[in-house]
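Down below is the structure, laid out as structure tokens.
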Amino acid sequence: MVGEPILHRSLRPVESYDADLAALVDDMFASMYEADGVGLAANQIGVDLRVFVYDCPDGDDVHQKGVVCNPTVVLPEGPDRHLDDGDEGCLSVPGPHAPLARPDRATCHGFDVDGNPVTVEGTGLLARCLQHETDHLNGKLYIDRLSTRARKKVLREMEEIRAEVEANAQADAEQPL
Ligand code: NI
């Protein structure tokens with residue numbers, strides 16, 4: 001959750017493509033599906049390693065799935081650069097969404113779980129996902145890219161939703177058996 005120090009600092013590069021890494025990646029996919037997310041970075045489950053997983057529709061609504069270790073993102077420049085001003089949200093800032101303009105295409109270079117080079121070409125939501133997850137590994141949340149005002153609004157909405165969920169849980173607990 002937002003506020004945890006590991007979400008707000010740059011992570012260590014992956015150096016060993018071993019069984020521990022494979023087990024971490026399995027955990028990350030399970031956590032992502034459990035939370036109904038389209039992407040998850042290692043620090044979102046408390047692990048200090050530059051790795052993210054994704055299972056996300058691209059611009060043609062085709063689901064792309066994979067893992068990227070030590071990613072770098074290349075964004076279009078000049079006339080090829082077009083912004084998508086759609087909404088963004090994050091499992092570590094649960095509840096609200098906010099509009100955030102990002103380039104509508106992104107190329108992500110890195111390595112798969114076995115250490116083989118991979119390149120992922122992202123369009124549509126996948127372009128946003130590749131940028132969002134790589135940001136996570138650099139200690140940056142999407143709310144850090146919003147205006148001060150928009151960021152405060154997102155955090156306030158998150159707290160309000162949380163208070164509501166807790167109040168409902170309390171009410172449920174008070175139901176007689
Ligand atoms: Ni996120």
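Read the numbers this way: they start at 1 and go in the same order the structure lists the ligands and their atoms.
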### Under 3.5 Å side-chain donor-acceptor pair for N116 and Y17
no
#### Entry: Nearest heavy-atom neighbours spanning A42 and M28
N-CE, 3.5 Å
#### Entry: Heavy-atom pair of closest approach, residues C108 and V68
SG-CG1, 4.0 Å
### Query
Parallel, tilted or perpendicular: which fits the ring planes of F52 and Y54, with parallel below 30° and perpendicular above 60°?
tilted
### Query
Around the Ni ion (ligand 1), how many protein N, O or S atoms are closer than 2.8 Å?
3
### Query
Under 6.0 Å from the CZ atom of R105, do we count more than 12 heavy atoms belonging to anything else shown?
no
### Message
Which heavy atom of T123 sits nearest to which heavy atom of G59, and what is that distance?
### Response
OG1-N, 2.9 Å
